[in-house]
Amino acid sequence: MIKIIIADDQELIRESLRIVLGTHDDLKVVGVASDGFEVMKIIERESVDIVLMDIRMPGMDGVYCTKLVKEQYPNTKVIILTTFDDDDFVFSALKYGASGYLLKGVGMDELYKSILTIYKGGAMINPDIATKVFSMFSKMSQDNMSIKVDETSIKDISKPEWKVIQQVGFGLSNKEIAQKLFLSEGTVRNYLSSILSKLCLRDRTQLAIWAVQTGQTIKGFNNE
């Protein structure tokens with residue numbers, strides 16, 4: 001059973017999502033919240049797998065709440081639900097550890113599949129904004145917006161691991177990477193664990209951002 005919090009300052013959206021997601025036997029909405037403070041209160045008393053997080057909320061917004069959730073409850077995954085008007089916040093939300101970024105107009109079946117993908121360790125960015133996100137990551141060159149890695153450990157990354165890094169940068173899930181590189185999903189997970197440990201990164205989202213910022217999505221196969 002996947003336990004979910006729905007965080008949105010609009011009651012209609014909260015209740016609509018609660019009703020729709022409640023029709024799935026493998027999902028359980030354990031709480032709804034109108035801002036980040038309410039999200040944190042729910043997580044304090046209830047084990048939560050996924051937070052469906054709006055960005056623009058009063059009190060505590062979704063970006064800062066994402067940061068707190070991932071710092072204090074790293075196993076809880078965050079899916080950002082937003083609109084095109086929120087794209088200035090994309091980078092910050094993903095930088096702080098969000099595993100998904102979807103538009104509020106997403107179909108309910110697609111949202112359900114995204115929840116399952118992210119619960120299993122994958123990542124999901126709405127196709128309509130994936131290109132915009134990729135372009136934005138590539139242009140983020142300011143030091144305070146960059147993902148830092150342990151530079152001394154880069155030399156320890158093996159060629160198979162570089163191939164996995166490249167695919168993570170493209171936003172592929174473990175299953176998709178396994179199919180593309182002719183590996184088992186277990187092997188991909190092991191590679192990712194090793195990569196994150198070597199580079200001192202928190203999760204695959206940080207790895208994906210770093211891969212795009214440093215051009216690994218272009219030169220990944222040439223790394224030794």
Side-chain angles (χ1 to χ4, degrees), residues 2-8 31 33 35-44 46-57 60-82 86-103 111 114-126 129-130 132-134 136-137 140 142-150 164-165 167-174 177 188-189 192-214 216:
I2 303 174
K3 296 181 179 180
I4 299 172
I5 292 176
I6 299 169
D8 197 291
D35 65 16
F37 290 112
E38 293 183 6
V39 170
M40 299 309 294
K41 288 180 181 178
I42 295 172
I43 296 181
E44 285 175 5
E46 182 85 35
S47 174
V48 176
D49 297 305
I50 290 177
V51 180
L52 296 180
M53 187 86 75
D54 186 22
I55 282 189
R56 295 186 177 180
M57 297 184 290
M60 184 192 299
D61 66 30
V63 172
Y64 188 70
C65 187
T66 296
K67 182 176 185 293
L68 291 186
V69 169
K70 297 306 296 183
E71 286 177 350
Q72 299 179 30
Y73 307 93
N75 292 328
T76 297
K77 297 177 173 61
V78 177
I79 301 175
I80 299 296
L81 285 177
T82 188
D86 294 323
D87 59 274
D88 287 343
F89 298 95
V90 176
F91 185 85
S92 293
L94 295 181
K95 176 185 176 183
Y96 288 140
S99 298
Y101 194 95
L102 303 174
L103 300 179
L111 176 60
S114 297
I115 290 172
L116 296 184
T117 296
I118 289 170
Y119 177 72
K120 294 174 183 176
M124 187 67 63
I125 297 180
N126 190 289
I129 59 172
K132 179 186 291 187
V133 172
F134 188 91
M136 183 175 62
F137 285 168
M140 290 291 186
Q142 301 96 326
D143 289 343
N144 66 331
M145 295 296 283
S146 298
I147 297 295
K148 302 295 184 181
V149 303
D150 183 350
V164 171
I165 289 172
Q167 301 309 314
V168 169
F170 286 134
L172 271 62
S173 67
N174 286 357
I177 294 173
V188 173
R189 285 194 295 270
L192 279 172
S193 178
S194 174
I195 292 165
L196 294 176
S197 177
K198 289 177 180 178
L199 298 180
C200 296
L201 294 175
R202 183 182 60 235
D203 52 37
R204 70 185 296 135
T205 302
Q206 286 193 332
L207 178 62
I209 294 172
W210 176 77
V212 172
Q213 287 181 329
T214 58
Q216 305 306 328

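On a predicted model such as this, the values are computed, not experimentally measured, just so you know. Excluded from the calculations below are hydrogen atoms, water molecules and symmetry mates; all remaining heavy atoms, backbone and side chain alike, are included.
Atom CD1 of Ile115 is separated from atom CD1 of Ile50 by 6.0 Å, given to the nearest 0.5 angstrom. Note that OG of Ser194 is 15.0 Å distant from CZ of Arg189, once rounded to the nearest 0.5 Å. The CG atom of Leu196 sits 11.5 Å away from atom NZ of Lys198, with the distance rounded to the nearest 0.5 Å. A distance of 10.0 Å separates CG in Leu111 from CE in Met124, rounded to the nearest 0.5 Å. To the nearest 0.5 angstrom, Ile79 atom CD1 is 6.5 Å from Ser114 atom OG. Here the CD1-OH distance, from Ile55 to Tyr101, works out to 4.0 Å after rounding to the nearest 0.5 Å.
When the side-chain hydrogen bond (donor to acceptor under 3.5 Å, both in side chains) test is applied to Glu38, the partners found at least two apart in sequence or on another chain are Ser34. Every residue two or more places apart in sequence or in another chain was checked for a side-chain hydrogen bond (donor to acceptor under 3.5 Å, both in side chains) with Ser197, and none qualifies. Taking Lys70 as the reference, nothing meets the side-chain hydrogen bond (donor to acceptor under 3.5 Å, both in side chains) condition, with sequence neighbours excluded. Residues forming a salt bridge (charged side-chain N to carboxylate O under 4.0 Å, His left out) with Lys3 (at least two apart in sequence, or on another chain): Glu46. Every residue two or more places apart in sequence or in another chain that forms a side chain to side chain contact (heavy atoms under 4.5 Å, CB included) with Tyr64 is listed here: Met60, Asp61, Lys67, Leu68.
Closest of all the heavy-atom pairs between Gly100 and Ile118 is CA-CD1, 3.8 Å. Across every non-hydrogen atom of Tyr73 and Met40, the tightest pair is CE1-CE, 3.9 Å. Annotation for Val51 and Val48: closest pair CG2-CG1, 4.2 Å, computed over non-hydrogen atoms.
Taking 4.5 Å as the limit, every side-chain heavy atom of Thr76 sits out of range of all side-chain heavy atoms of Ile5. Looking only at side-chain heavy atoms (C-beta outward), Phe37 and Met57 stay at 4.5 Å or farther from each other. Taking the side chain as every heavy atom from C-beta outward, Asp54 and Leu81 never approach each other to under 4.5 Å.
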Derivation of the side-chain contact (heavy atoms from CB on, under 4.5 Å) call for Leu102 and Leu52: CA-CA 10 Å; Leu102 303 174; Leu52 296 180; over 6 Å; no
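Every pair tested for salt bridge (charged side-chain N to carboxylate O under 4.0 Å, His left out) that includes a residue from residues 199-210 fails, sequence neighbours excluded, so the list is empty.
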